[in-house]
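For reference, the structure is listed below as structure tokens.
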Amino acid sequence: MTETFATDIKRMYFTVPFSMGSLFPHMDGDQGELPITIGDGTTAITSSFIKGVDKRATITRGWSDFFHRAHMNKGQAYAFAFKCTSKGLCLIVYISKLQEPLV
């Protein structure tokens, strides 16, 4: 995933190999809801998640809202983890808590 995929004004796209091998097998149908939470559980939204015509999984609605509510910033490190639950897929975003280097 490149940095352009984690901006507040774009949809969230995933690569074709990752979508086909890891996400689509766990999706019911071509679209659905995808809960997104921060690793510490303080921010949560429900987004729309689709199988794109270009064979990429795409978060189409809700990503911008999550981006703002989670106070995501350019240059900050993030880890994205999908979890398969009894209710379907969910996405957990872990935000780096690294401090500025001491000078």
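Note that these values count all heavy atoms, side chains included, but never hydrogens, waters or copies made by symmetry. Owing to the predicted nature of the structure, the values given are computational and were not obtained by experimental measurement.
- When every heavy atom of V16 is checked against every heavy atom of R56, the shortest pair comes out as CG2-CG, 3.6 Å.
- For S47 (side chain) and L34 (main-chain N/O), a donor-acceptor pair under 3.5 Å exists by modelled atom type.
- Separating the CD atom in E33 from the NZ atom in K87 is a distance of 11.5 Å, to the nearest 0.5 Å.
- Side-chain atoms of L91 and F49, non-hydrogen and from C-beta on, never get closer than 4.5 Å to each other.
- In terms of heavy-atom proximity, M27 sits nearest to L89 at CG-CD1, 4.1 Å.
- Note that CD1 of I36 and CZ of F82 are 8.0 Å apart. Values are rounded to the nearest 0.5 Å.
- Taking both residues in full, the closest heavy atoms of S19 and F14 are given as OG-O, 3.4 Å, listed atom of the first, atom of the second, then distance.
- To the nearest 0.5 Å, atom OG of residue S64 and atom CD1 of residue I59 are 12.0 Å apart.
- Smallest separation of non-hydrogen atoms from L23 and A57: CD1-CB, 3.6 Å.
- Rounded to the nearest 0.5 Å, atoms CD1 (I38) and CD1 (I45) are 10.5 Å apart.
- Among all heavy-atom pairs drawn from C90 and T85, the shortest one is SG-CG2, 4.1 Å.
- To the nearest 0.5 Å, the span separating CE on M12 from CZ on F66 amounts to 9.0 Å.
- Taking OH from Y78 and CG from N73, the interatomic distance works out to 5.0 Å, rounded to the nearest 0.5 Å.
- Ring centroids of F18 and F80 are separated by 6.0 Å or more, keeping the two rings apart.
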